Amino acid sequence: MLPFLKVLVRNLRQGPSTDPFPFAPTYTPARFRGRAELDENQCILCGICRHVCAAGAIQFRAAEDGSGMEFRVWHNSCTYCGLCAHYCPTKAIRMTNDWHLSHKGEDMYSFAETKFVKLGSCAECGATIQPRPAAIVEKLGARYPERFMLCPKCKRETLANHAASRKVIRVEEAR
Amino acid sequence: MLNKFINKIAPRSPWLYRLNAGSCNGCDVELATVALIPRYDVERLGCKYCGSPRHADIVLISGPLTSRVRDKVLRVYDEIPHPKVTLACGACPISGGVYRDSYTVNSPIDQYIPIDVVVPGCPPRPHAIIEGVALALEIWRKRLEEGTCSRS
């Protein structure tokens with residue numbers, strides 16, 4: 001008898017099921033994948049994010065004076081798959097849970113995350129190498145931190161010197 | 001006088017029209033969700049989906065504009081009366097999304113249709129679509145006051 005009464009009482013008790021979004025803030029899950037964000041102090045310019053980006057949203061542009069690279073994610077091409085964040089070896093790219101991305105048509109081509117990443121320099125000869133932030137040296141270059149800061153040429157030289165000195169010792173031992 | 005009054009109250013009840021320009025159905029599902037599921041309920045803004053382009057005020061375009069539907073989409077778009085506001089839903093209409101550089105795809109869509117509001121995402125969250133519709137409403141209100149046409 002009168003089954004709608006049951007529904008009415010239930011709805012009165014539970015309150016409205018509509019999300020109050022445009023008029024009040026709403027709930028966003030913490031792991032929701034929204035806009036990508038780059039921490040330029042963590043980036044080592046390995047380029048794996050550009051390589052794995054299925055939608056081709058990530059671009060690197062070299063600065064004219066050769067002092068660094070400009071990292072750019074065009075949000076209007078990004079499919080928010082999160083592969084760039086997954087494969088980033090230094091966790092420089094992060095998917096934020098910001099989804100407030102609707103914007104006017106005029107700025108659809110400028111709607112991008114643009115960050116400038118400075119290149120590093122070799123600790124010995126001063127040649128331009130990939131950036132080597134301190135946080136990354138601890139992670140990727142923990143075994144030989146001083147060798148991690150060198151350019152490939154200086155690195156080869158130090159390795160050769162190292163190997164040669166060890167060989168000399170061995171030769172002396174054999175005698 | 002009457003015209004002015006109508007232009008003032010018209011933005012309270014925009015009629016939405018979904019234009020599928022070769023979409024993968026992801027955005028279309030989200031657009032349907034926005035109106036049909038009580039949790040999101042875009043009809044709180046006075047919106048209503050209509051079946052005929054001649055009744056529409058805000059056009060929601062999804063999909064990368066494939067060559068197969070291009071002429072049909074343009075024909076339907078021209079049937080929508082001015083002032084109309086176009087909302088591009090998802091990554092596809094702007095950049096082609098994952099279909100970018102395909103020979104069957106004619107994105108970016110703004111070579112053919114002027115775009116007023118963009119909601120990126122693949123597909124966008126229903127909340128983001130509601131946000132975009134709210135933005136489109138503002139633009140439509142301004143256009144009604146000024147009496148401008150979206151092509152001009």
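Scope of the values below: all heavy atoms of this structure, side chains included, with no hydrogens, waters or symmetry mates. Bear in mind that the values here come from a model prediction, so they are computed numbers and not experimental data.
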Ring centres of [X] and [Y] under 6.0 Å apart?
X: A:Trp74; Y: A:Tyr109; answer: yes
X: B:His55; Y: B:Tyr17; answer: no
X: A:Phe21; Y: A:Trp99; answer: yes

Given a strict heavy-atom distance threshold of 4.5 Å, which part of [X] is in contact with chain A: side chain, backbone, both, or neither?
X: B:Leu45; value: side chain
X: B:Arg39; value: both
X: B:Ala134; value: neither
X: B:Asp110; value: side chain

Name the option with the most non-hydrogen atom pairs under 4.5 Å to chain A; the candidates are [options].
options: B:Leu87, B:Ile37, B:Val117; result: B:Val117
options: B:Val119, B:Val118, B:Ile94; result: B:Val118
options: B:Val133, B:Asp101, B:Leu135, B:Asp41; result: B:Leu135

Measuring only between side-chain heavy atoms, which start at C-beta, is A:Cys46 closer than 4.5 Å to A:Pro89?
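A side-chain contact under 4.5 Å exists here.
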Residue pair A:Arg10 / A:Lys6, side-chain heavy-atom distance below 4.5 Å:
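SC-SC contact between A:Arg10 and A:Lys6 ruled out.
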Is B:Asp116 salt-bridged to B:Arg143, cutoff N-O under 4.0 Å?
yes
Lys/Arg-Asp/Glu bridge criterion (N-O < 4.0 Å) met for A:Lys115, A:Glu113:
yes
Chain B heavy atoms under 4.5 Å from A:Pro16: which part of the residue, side chain, backbone, both or neither?
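Neither part.
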Which bit of A:Ser17 is near chain B, if near means a heavy-atom gap under 4.5 Å: side chain, backbone, both or neither?
both
